[in-house]
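Keep in mind it's a predicted model, so treat the numbers as computed, not measured. Chain naming here is simple, since letters A, B, ... match the order of the sequence lines and numbering starts at 1 in each.
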Amino acid sequence: MVQLTNVVKTFQRGAEVITVLDGLNVTIAEGSFEALMGPSGSGKSTLLNLVAGLDRATSGVVNVAGQDLTTMTDGDLAAFRARYIGFIFQSYNLMPVLTALENVELPLLLTKIPSADRKKRAATALRVVGLEDRANHYPRMLSGGQEQRVAIARAIVNDPKIIVADEPTGDLDRKSADQILALLEKLNKDFKKTIVMVTHDPEAASHARVTHHLNKGAFQ
Amino acid sequence: MNLVSLAVRNVGRNRFRTSLTVLGVAVAVVAFVLLRTVISSMEVAVTHAAHDRIGIRHKVSFIMQLPRRYVDTVRQTPGVHSATWANWFGGKDPRNPREFFPTMAVDPPSFLDVYDEIAVSPADRERWFADRQGALVGDQLARLLHLRVGDTVTLAGTIYPGNWVFHVSGIYTTTRRSMDRSEFLFHWDYLNNAIPERRRDQVGWIIARVDNPRQATGVSAGIDRAFDVQDIQTLSMSERSMNLSFMGMMSGVLAAINVISGIILLILLMLFGNTMSMGVRERTQEYGVLRALGFLPKHIAGFILGEAAALGLTAGVLGLALSYPFVQYGLGRWLEENMGSMVPYFRIEVATAALALGFSLLLGVAAAVIPALRASRLTVTDALRRID
Ligand SMILES: Nc1ncnc2c1ncn2[C@@H]1O[C@H](COP(=O)(O)OP(=O)(O)O)[C@@H](O)[C@H]1O
Ligand SMILES: [Mg+2]
């Protein structure tokens, strides 16, 4: 599902060139649930962004869902993200002016699905995360855990192949975090989603089938 | 929900800031509409000036008078259809000393003939013609002074001293905007017979209607030429040219108004620009999220411009909603009633309203162009990093 070959990622900061990922190789099988751990600044988010098609590798090949992301145009990458990737961020990132249902519906606005069907699909996704009774609530009326569950519903509404989650439990208390992790496991087991999750939390990583440790741009 | 409603909803995001901007813009729109209306109401005087009327006055100054017999000469000049005359009376109503209104001594039948836009009922007309002390009063003036047909009014003469008693014979309106609806017209004979012998048989000015409006200039020249050999020479000018020369005198004021209008538009642009760039900056992370979900730079630009358009439209509509009561019914009514001879028709023109709304919308969008370009050009990761 995900194959990275000799991936290098550098950033230019003024005159200085920082090498964040230094010739990385990794394969993630379809249907797997893998965690990415490592100290702060080790390049976890950078790696996740490459897999998700948010950013481009400086060199090497990034192949996701059978497609070579390194040769795509910006427009192709946007279409790729819309079709194959579901995002979960640490700080939920819901639109405050939209209700829970509308937030979930948001990715479907890029499709040709008619309005009534969009609503139905968004409602279904909310049911999967157990928030059908909060459909008309705005984000500010929800707890952090509930907001993150809405974000998960948004991530799965377009039925993506891969879900990428960057510290999805980082802002949550233990109980909410456990609910989110249980939900991710359910998506992996019952809905066959491939999940790549960055985390600091060993407890969170224990839910994954495989854990990669990143340090100074290389796997340990 | 759709892409447009998402953009529109962002307008109500920061209620306090949005309200201040909308209110500020609305006030600027009112000022803009007011200034534009001053100009358009002056232009109305020019555009609606009768094309077929010529004013004839003393060559030296309009305060000097012409002999009454000149009217007959004018009537005999080729191209002249009919002619009448008037004397500025300068009357004041002692009960309403602060109100200014034009009072003129005229020859009723020929005056109504030359000023055919005056609409008066046959009964009022007969009554006015028959009563030597009769007066015909514009409906706006009648409303201002609370005059009704049959009332007796005493005016104090400023040019012709004394107390002058009149009977209100009729009320007139107008069918075109070329005549002011706040004049007080009475019989020239009444005035002429009551003044000392040496002041008699003098007229303030002569007004002629020409057969063919296109020959107005030629006829004017012909009239002036006819009096060239006399001891008192005349200066003739079409009503339109007179109004134009008045506009010419006011050109400094008009230029100032245009500059101020321009400044107001600049203020609009800055108000919108400030609000939009603050809003866009605060929302950069959301644009990053949208991009991550697969939305394109053009969508982001569209959201921002759509939001700006909604803001501009809201502010423009509110500004117009405030302009009508303030400019048209408040100040406008007051101006018409008190300075009707200069601004006979102080109304917000549809073009002015459309211009104000258009500018509000356009400047709202224009102010958002740079923030929109900046936000849409950010890379996805840069936009998202604004959170951390
Ligand atoms: N856009 C960027 N420009 C410059 N440096 C960056 C950029 N993105 C990440 N970095 C740097 O790359 C390193 C790894 O960042 P990141 O992948 O966010 O680490 P992690 O998620 O593991 O904490 C850090 O030193 C960070 O400062
Ligand atoms: Mg990170």
Verdict with supporting geometry, Asn10(B) and Met95(A), side chain to side chain contact (heavy atoms under 4.5 Å, CB included): CA-CA 10 Å; Asn10(B) 267 330; Met95(A) 301 286 143; over 6 Å; no

Rounded to the nearest 0.5 Å, how far does [atom2] of [Y] lie from [atom1] of [X]?
X	Y	atom1	atom2	value
Leu110(A)	His299(B)	CG	NE2	5.5 Å
Thr379(B)	Leu54(A)	OG1	CG	9.5 Å
Glu105(A)	Asn2(B)	CD	CG	9.0 Å
Thr381(B)	Phe11(A)	OG1	CZ	6.5 Å

Neighbours of chain B found in residues 64-82 of chain A - heavy atoms under 4.5 Å: Gly75(A), Ala78(A), Arg81(A), Ala82(A)

What one should report as the nearest heavy-atom pair of Phe89(A) and Ala292(B) is CZ-CB, 4.1 Å

Leu296(B) versus chain A, the contacting section by heavy-atom distance below 4.5 Å: side chain

Test applied, side chain to side chain contact (heavy atoms under 4.5 Å, CB included); reference residue, Val97(A); option that passes from Arg9(B), Glu286(B), Arg283(B): Arg9(B)

Are any non-hydrogen side-chain atoms of Pro96(A) and Arg13(B) less than 4.5 angstrom apart? yes

Side-chain touch Glu102(A)/Ser5(B), heavy atoms, less than 4.5 angstrom: no

Over 12 foreign heavy atoms within 6.0 Å of [atom1], [X]:
X	atom1	answer
Arg377(B)	CZ	no
Arg56(A)	CZ	yes
Ile370(B)	CD1	no

Which atoms of Leu106(A) come close to chain B, meaning under 4.5 Å heavy atom to heavy atom: side chain ones, backbone ones, both, or neither? both

Region of Arg83(A) that comes under 4.5 Å of a non-hydrogen atom in chain B: neither

